[in-house]
Amino acid sequence: MRSANLKTYKPSHSNVQSTSKEDIYQLLLAQLNSLLDDDVDYIANTANFCAAIQQNFHFHWVGLYRVMGEELVLSAFQGPTACTRIPFGRGVCGQAWEEKKTLIVGDVHSHPNHITCSALSQSEIVVPLFDSHGNVKAVLDIDADIVNAFDTLDKDYLEECVALLAKYY
Ligand code: SME
């Protein structure tokens, strides 16, 4: 059982005193299950995916980078304009792609491989999206404007969200 821990970001539903971060992720998963659709195209699903996360948590930036050859290319996102291309292994995004695992960066200023797209970004989580053969097809990147915004609860739930999206990718 994952522990509820709402110490940083206040989701939009947090006016309800008892609502925990875990409750919001459960709601988000239910929303994604009904939003994502076999009958619509890639842009529709990825745009709604990012919007659903953003609407629930109000992160500074939520977006996807798609693997295209040897680099990641900016895809659907919510938030300020961002870097369009990231080489394999570069930045937190390229590193998550290379290492094929979720990376949590508590303070982007002390991470040597971080690429700054927004001066307001303080912490970050990057979650790879895998195809059925275990190849990385994209990464989900979320930036927060406070340090240490993400913990293992975010990692577990965001990996679940990305696995849902992977079925429609
Ligand atoms: N910070 C990322 C670059 C993408 S932006 O944050 C949207 C990185 O280090 O890969």
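Since the structure is predicted, the reported quantities are computational estimates derived from the model, not experimental observations. Ligands are counted one by one from 1 in listed order, and the atoms in each one are counted from 1 as well. Residues: numbered from 1 along the sequence shown.
By the criterion of a heavy-atom distance under 4.0 Å, both the backbone and the side chain of Cys93 are placed next to ligand 1. When non-hydrogen atoms are compared, ligand 1 lies under 4.0 Å from the side chain of Tyr65 (C-beta onward) but not from its backbone. Contact annotation for Glu124 and ligand 1: only side-chain heavy atoms (C-beta onward) come within less than 4.0 Å of the ligand.
Near Trp61, the atoms of ligand 1 lying under 4.0 angstrom from a non-hydrogen atom of the residue are 7 (C). Every atom of ligand 1 with a heavy atom of His114 under 4.0 Å away is listed here by number and element: 1 (N), 9 (O). Residue Asp141 has at least one heavy-atom neighbour below 4.0 Å for each of these atoms of ligand 1: 2 (C), 4 (C), 5 (S), 6 (O), 7 (C).
Looking at ligand 1, you won't find any N or O of Gly94 less than 3.5 Å from one of its N or O atoms.
Transitive grouping of hydrophobic side chains (ILVMFWY, heavy atoms separated by less than 4.5 Å) brings Leu165 and Leu28 into a common cluster.
Checking side-chain atoms of Trp61 against main-chain N and O of Pro80 turns up a donor-acceptor pair under 3.5 Å.
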Go through Phe57 and Phe150 one step at a time and tell me if the ring pair (Phe, Tyr, Trp, His ring centres under 6.0 Å) criterion holds.
CA-CA 12 Å; Phe57 289 102; Phe150 305 103; 9.1 Å; no
Going through the distances and angles, do Phe130 and Tyr169 end up as a ring pair (Phe, Tyr, Trp, His ring centres under 6.0 Å)?
CA-CA 10 Å; Phe130 298 97; Tyr169 212 78; over 10 Å; no
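The residue among Leu74, Ile142, Asn113, Asp143 with a heavy atom at the shortest distance from atom 6 (O) of ligand 1 is Asp143.
Protein heavy atom in closest approach to atom 3 (C) of ligand 1: Ile115 O, 3.6 Å. Protein heavy atom at the shortest distance from atom 8 (C) of ligand 1 is Val92 N, 3.3 Å.
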